[in-house]
Amino acid sequence: MFTDLAAAADSPLLHNLNPEQRAAVTLPAGNALILAGAGSGKTRVLTTRIAWLLQTGQVSPGGILAVTFTNKAAKEMMTRLGAMLPVNVRGMWIGTFHGLCNRFLRAHWKLANLPSTFQILDTQDQLSAIKRLMKQFNVDDERFPAKQTQWFIAGAKEDGLRPRDVEARSDDDRKKVELYQLYEEQCQREGVVDFGELMLRSYELLRDNDPVREHYQRRFRHILIDEFQDTNRLQYAWIKMLSGTTAEGRFTPNDNSVIAVGDDDQSIYAFRGARVGNMADFVREFDVSHQIKLEQNYRSYSNILDSANALISHNTKRLGKNLRTDQGPGEPVRVYEATSDFAEAQWMVEEMRQLVRDGIDRKEMAVLYRSNAQSRVIETALFNAAVPYRVYGGLRFFERAEIKHALAYLRLLENKDDDTSFLRIVNFPPRGIGARSIEQLQDAARAAGRSMHDAVSAVGGKAGSNLTAFVAKIDVLREQTQGLSLREIIELVLDHSGLIEHYKADREGADRIENLEELVNAAESFVTQEGFGRDAVALPVDELRQSPASQGLDPNRPVLDEPLAPDAETGETLSPLAAFLTHAALESGDNQAQAGQDAVQLMTVHAAKGLEFDCVFITGMEEGLFPHENSMSDNESLEEERRLMYVAITRARQRLYMSHSQTRMLHGQTRYNLKSRFFDELPEGALKWLTPKNQGFTPSAFGYGGGYATTRGGAGGFSKDSFASPPVPPQKAAPSHGLRSGMQVFHNKFGEGTVTALEGTGDDARAQINFPRHGIKWLALSVAKLTPV
DNA sequence: GGGAAGGTTCTACTA
DNA sequence: GAACCTTCCC
């Protein structure tokens, strides 16, 4: 280890960094903002910064707090750091916001007013808890859909608001606040916390408890936040609290340093509470002394970067940043117009085949789309062509029904008051406890102010005996599992719960049984990885004592993991089962099918953030789809769509394709979309149109018939750089429908409207009609019944 | 309790 | 168009 910075300047850690990266890594103490463009080596800078701080003895491992948004990012950081330095990264506070808050609350559960066995509700659990609550209080779920209530509660928590803090402007709001209040009481009674609560409660404990706050403020000398543009209000406040806010709420930056790393151009989560404004606030409120821009891109050729830069320059609210590369222009960005979504997929399959012939791995090809519904057509095309593919998204391992059932049994062993889990399994597998019995039990529980588990004795009759038997079963299981290993516990529960038996009887239960067996494996590898039984959580004391880094710290405060703060519950560690349940809630497993196979990657643009591929296809580049119709009305969300597009473009290393289609099946009906306005924002010089650049479908083209290339018949014409079937010449045939631009027509559903444009002939004929009450629509004349007025 | 039938919804999604 | 949820009926 280095003891002085002069020696450190030669550290091998700093080799191969560009000047900006080096400056970021070696920043002096103080708060700083790093604007890191896509592909600029952000993760590398973050991890090298931590390694450098440790190596130069400026901080000990315990003095670092590094926060990310995803488990994946946290894991990557730890892996890289572990490769740079011989430190026990597991013992460091590197993790997601929620993971770290969980860790914090486990250490201070008493102060946080939680049971030591508190369980975490995921989004599904939260929704069912809310539904249950609304039923209990007879809330009209037409007027207050449970999903909306959930949204409201989660949103309030993300803003750091308790029910009493929420400003209710309408009766509906007041009702929602009331539900929020009741929901909180229910969670508290049952000893469960949702994701928002993990954050909010940690924040409040820091805010309200001076010794705890001051302790952590002293401890975390270097705080690093990744993806800062995605932080919400509460997370921002949490960081502020950790870095220095007094009991009076005055913010006085401590002698710790906060480094925020982010890219305002990649902020795509405003819809779920992220505030890009946090970046500007941070600069102002944290007295930022250094700002560094990482603009050197190591990922893409310049045609791709030029496209990204040109596009994003149309956004007005930006901190300002331009990506550059030393690589040449590379291939042009290829643009394709298809006649239908089907043909678009077909073309893509052909193009991929060619790419494979060119020696590109399938796993280096990604198909990006704006919304999940678009994947179906593409999947079908890939499937029919026998091209292996992999879809991101969908249910993750720990979210599957059978897994959640098994976990519910395990959770009840840990916390008998968890009514959400109780309800999930009280009659699963079926054991003769119907809705009536459950209702009786709920009433009894409510009357006694107890959990359902504790209230079974109050229900009489046959219902009562069935319930008693169920509770007895759980209690016996709890007894039997004492002292067993995690693996044995789960096997016992799977066996005695009757889950396996139940799925055996089910014709389609084989997969579910397989998953349940996988759960045992997951538990097994969790135990070995986390090192339960061994002490992998805390850093070896000796290592710290010998480190020069610890010299500057208060010797009475060992910078160990936990317990370490005043009033932290001492000595108590989570049981392997409790730890596993937490793991299951916070890390719901892989979001993708089995890795390894050389398969084309399909995902939404959102899911692609942070990834990169040699070849990227951006599909469905159409008005109403991308930008999405729900985001086209106001400028704010349109700018978010543009950032989304920016993210999509910057995923590509070598080749980028964009495609749009004239027709598309959506929600069971054919739609005619204009090509995306984003095409007009790209530099013509970087593009190559594989089909003639279409003028036919721009809004200004009134009554223009044809002019677009059609590949009908030779579905998806393709050859390496052009297209196989020549474009059909513009159709000049006289329309047979007798409609003309400017005509007034009547539609059964939309009423009266004005024809503003006409397109195509025969079965393909369509008209654009402006309905005063329903807006502008494209209607296929072979389908829509229109009568001239 | 379970299946059939009918109704509803459909942007992005991490923890 | 399809996946999901609720309701109805045996």
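Just so we're on the same page: letters track the sequence lines, and every chain starts at 1.
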* To do: Determine, for E158(A) against R275(A), whether the closest basic-nitrogen to carboxylate-oxygen distance falls under 4.0 angstrom.
  => no

* Asked: Could you state the CD-C1' distance from Q374(A) to dA2(C), rounded to the nearest angstrom?
  -> 16 Å

* Asked: Which nucleotide in the set dC13(B), dA15(B), dG1(C) lies at the smallest distance from any side-chain heavy atom of H98(A)?
  -> dA15(B)

* To do: Pick base, sugar-phosphate or nothing for G196(A), based on heavy-atom distances below 4.0 Å to the nucleic acid.
  => nothing

* Looking for any heavy atom pair under 4.0 Å, which part of the strands does D122(A) touch: base, sugar-phosphate only, or nothing? -> nothing

* What distance, rounded to whole Å, do you find between the two C1' atoms, one in dT14(B) and one in dA3(C)? -> 24 Å

* To do: Among dC10(B), dA3(C), dG1(B), find the nucleotide with the atom closest to the side chain of R376(A).
  => dA3(C)

* **Candidates dG1(C), dC13(B), dA15(B) - which lies nearest the side chain of H606(A)** => dC13(B)

* To do: Assign F97(A) to base, sugar-phosphate, or nothing according to its heavy-atom contacts below 4.0 angstrom with the strands shown.
  => nothing

* Could you measure between the two P atoms, the one in dC4(C) and the one in dC13(B), and give it in whole Å? => 16 Å

* Base, sugar-phosphate alone, or nothing: which one does N372(A) contact when heavy atoms must sit under 4.0 Å apart? -> sugar-phosphate

* Interatomic distance where CG belongs to L638(A) and P belongs to dT11(B) [whole Å] -> 18 Å

* **For atom CG of N630(A) and atom P of dT9(B), their distance in whole Å** => 15 Å

* Would the F470(A) and F422(A) ring centres measure less than 6.0 Å apart? -> yes

* Report the nucleotide, chosen from dG2(B), dA12(B), dT6(C), that has the shortest atom-to-atom distance to any side-chain atom of T604(A). => dA12(B)

* **T380(A) side chain reached by I378(A) side chain, heavy atoms, under 4.5 Å** => no

* Side-chain N or O of R396(A) closer than 4.0 Å to phosphate OP1/OP2 of dA15(B) -> yes

* Asked: Taking atom types as modelled and ignoring hydrogens, do the side chains of Q374(A) and S371(A) form a donor-acceptor contact shorter than 3.5 angstrom?
  -> yes

* Asked: Out of dC13(B), dC10(B), dG1(B), which has the shortest distance to the side chain of A607(A)?
  -> dC13(B)

* Please state how far atom CD in E76(A) lies from atom P in dT14(B), giving the value in whole angstrom units. => 17 Å

* Asked: What does N427(A) touch in the nucleic acid at a heavy-atom separation under 4.0 angstrom: a base, only the sugar-phosphate, or nothing?
  -> sugar-phosphate

* To do: Whole angstrom is fine here: how far is it from CD1 in I618(A) over to P in dA12(B)?
  => 17 Å

* Asked: Any stacking of F271(A) on dA12(B), going by centres under 5.5 angstrom and planes within less than 30 degrees?
  -> yes

* Asked: Whole-Å distance between dT14(B) C1' and L100(A) CG?
  -> 14 Å

* Base, sugar-phosphate alone, or nothing: which one does L368(A) contact when heavy atoms must sit under 4.0 Å apart? -> nothing

* Kindly state whether the ring of F104(A) and the ring of H108(A) have centres lying under 6.0 angstrom apart. => yes

* To do: Rounded to the nearest angstrom, tell me the gap between atom CE in M621(A) and atom P in dT11(B).
  => 20 Å

* **H667(A) vs R431(A), nearer the 5' end of DNA chain B by closest nucleotide** => R431(A)

* Which part of the nucleic acid, if any, lies within contact of F195(A), taking any heavy atom under 4.0 Å across all strands shown: a base, the sugar-phosphate backbone alone, or nothing? -> base

* Structure fact -> Of the listed dG2(B), dA12(B), dA15(B), the closest approach to the R370(A) side chain comes from dA12(B)

* Should the pair R411(A)-D418(A) be classified as a salt bridge under the 4.0 Å nitrogen-to-oxygen rule? -> yes

* Interatomic distance where NZ belongs to K147(A) and C1' belongs to dT11(B) [whole Å] -> 13 Å

* Below 3.5 Å, does any donor atom in the side chain of T123(A) face an acceptor in the base of dA15(B), or the other way round? -> yes

* For D634(A) and S637(A), does a side-chain donor sit closer than 3.5 Å to a side-chain acceptor? -> yes

